[in-house]
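Order of the sequence lines sets the chain letters (A, B, ...), proteins ahead of strands, with each chain counted from 1.
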Protein chains: 2
Amino acid sequence: MRVRTATDLGAFIRERRVKLAMDQSDLAEKAGTSRKWIVEVEQGKPRAEIGLVLRTLKALGVSLDLAADRAQKTVAAIEPGNVDINNILDSLKKRP
Amino acid sequence: MRVRTATDLGAFIRERRVKLAMDQSDLAEKAGTSRKWIVEVEQGKPRAEIGLVLRTLKALGVSLDLAADRAQKTVAAIEPGNVDINNILDSLKKRP
DNA sequence: ACGAAGAGTAACCGAACGGTGACATATTGT
DNA sequence: ACAATATGTCACCGTTCGGTTACTCTTCGT
C-alpha cells in the first residue's frame with residue numbers, strides 16, 4: 001500500500017492489526033509502546049515518532065520500502081543522454 | 001530500499017537529497033521544516049515525527065510502500081485451507 | 001439481562017520536540 | 001590565500017509528546 005499521509009499509515013496499521021486478530025493492548029505490548037499511542041496512531045496522528053512507528057510495523061510483520069519516483073529526475077539526469085558525472089566525481093572525491 | 005530503522009531512513013534521505021543536488025536548506029524549505037531538523041533526521045533521529053518525514057519524502061519525490069510480510073500469517077490463515085470467516089463476518093457486520 | 005472485552009477519551013507530568021539565530025568547521029571555487 | 005558555500009552544533013523557548021491511570025461507551029458472548 002502506498003502511504004502518503006499519517007492517516008494512510010493509521011488505516012494500514014489498524015487493518016493489519018485486525019487481520020492478525022490482535023487488540024490494541026496486544027499490539028502496544030508487542031511494539032513496546034502504550035495503548036494510548038496505538039489509538040492515536042490509528043487515528044492518523046501526524047506527530048507520532050518514526051521510531052515507534054517502525055517498531056509497530058515490525059510487530060505487525062510489515063515491511064517498509066522507499067523508492068525514488070520515476071517521474072522525478074535528478075538534476076544530472078534532466079539533460080537526456082547525460083552521464084551523471086557529478087555523482088561520479090563526488091564519490092571519487094569522498095575516498096580518502 | 002527496505003527501511004528498518006531511523007538510521008536507514010536518514011541514509012536514504014541524504015542519498016536522495018544529494019542525488020537531486022539539493023543542500024539541506026533547499027530540502028528544509030521544500031519540505032516545510034527547518035534545516036536543523038533535516039540534519040537530525042539524516043543522522044537517524046528516531047523521534048522525528050512522521051508527518052514531517054512524509055512531507056520530506058514527498059519533497060524528494062520518494063514513494064513509501066507498506067507490505068505485509070509473506071512469512072507472517074494472519075491467525076485465520078494459520079490453519080491450512082481455511083476461509084477467513086472472521087473477516088467475512090466482520091465486514092458484513094460493519095454494514096449499516 | 002448480565003458481565004467481559006475492546007475501544008476512545010481525559011488529566012497529569014517529565015521529557016523531548018522542532019524552530020530560530022548564531023557560531024564553528026569543513027569543503028569548494030577562484 | 002581568500003571568499004563563498006555547506007554542514008554540524010549550540011542555547012533558548014514554547015509546544016507537544018508518550019506513559020499512566022481511570023473513566024465512559026459500545027459490542028460481544030452467554
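Here the P atom of nucleotide D:dG18 and the CD1 atom of B:I50 are 9 Å apart, to the nearest Å.
Partners of A:T7 according to the side chain to side chain donor-acceptor pair (under 3.5 Å) rule, which considers only residues two or more places apart in sequence or in another chain, do not exist here. In terms of the salt bridge (Lys or Arg N to Asp or Glu O under 4.0 Å) criterion, B:E29 has no residue partners (sequence neighbours excluded). In this view, B:R47 and A:E49 satisfy the salt bridge (Lys or Arg N to Asp or Glu O under 4.0 Å) rule, not counting sequence neighbours. In this view, B:D26 satisfies the side chain to side chain donor-acceptor pair (under 3.5 Å) rule with no residue, not counting sequence neighbours. By the side chain to side chain donor-acceptor pair (under 3.5 Å) test, A:D23 pairs with no residue at all, sequence neighbours left out. Qualifying salt bridge (Lys or Arg N to Asp or Glu O under 4.0 Å) partners for A:R55, counting only residues two or more places apart in sequence or in other chains: none. When the side chain to side chain donor-acceptor pair (under 3.5 Å) test is applied to A:S25, no partner is found at least two apart in sequence or on another chain. Contacts of A:S63 classified as side chain to side chain contact (heavy atoms under 4.5 Å, CB included), with partners at least two apart in sequence or in another chain: A:D65, B:R2, B:A67, B:D69.
Note on B:S25: nothing from the nucleic acid sits closer than 4.0 angstrom, heavy atoms only.
No hydrogens or angles were tested; on distance alone, nothing pairs the side chain of A:R35 with the base of D:dG18 as donor and acceptor under 3.5 Å.
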For residues 31-40 of chain A, which side-chain donor-acceptor pairs fall under 3.5 Å, sequence neighbours excluded?
{"residue": "A:S34", "atom": "OG", "partner": "A:W37", "partner atom": "N", "Å": "3.2"}
{"residue": "A:R35", "atom": "NH1", "partner": "A:Q24", "partner atom": "OE1", "Å": "3.3"}
{"residue": "A:E40", "atom": "OE1", "partner": "A:K45", "partner atom": "NZ", "Å": "3.1"}

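The side chain of A:S34 lies closest to D:dG19, out of C:dC17, D:dG19, C:dG19. Of the candidates D:dG18, C:dC17, D:dT9, the closest approach to any side-chain atom of B:Q43 belongs to D:dT9.
Between A:L60 and A:T56, some side-chain heavy-atom pair lies under the 4.5 Å cut-off.
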Show each protein N/O and nucleotides 4-6 of chain C N/O combination with a separation under 3.5 Å, one pair to a line.
{"residue": "C:dG6", "atom": "OP1", "partner": "A:D23", "partner atom": "OD2", "Å": "3.2"}
{"residue": "C:dG6", "atom": "OP2", "partner": "A:D23", "partner atom": "OD2", "Å": "3.3"}
{"residue": "C:dG6", "atom": "O5'", "partner": "A:D23", "partner atom": "OD2", "Å": "3.4"}

What pairs of nitrogen or oxygen atoms, one from the protein and one from nucleotides 10-16 of chain D, lie under 3.5 Å apart?
none

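Recorded end-axis angle for the helix from C:dA1-D:dT30 to C:dT30-D:dA1 stands at 60°, based on five pairs per end and rounded to 10 degrees.
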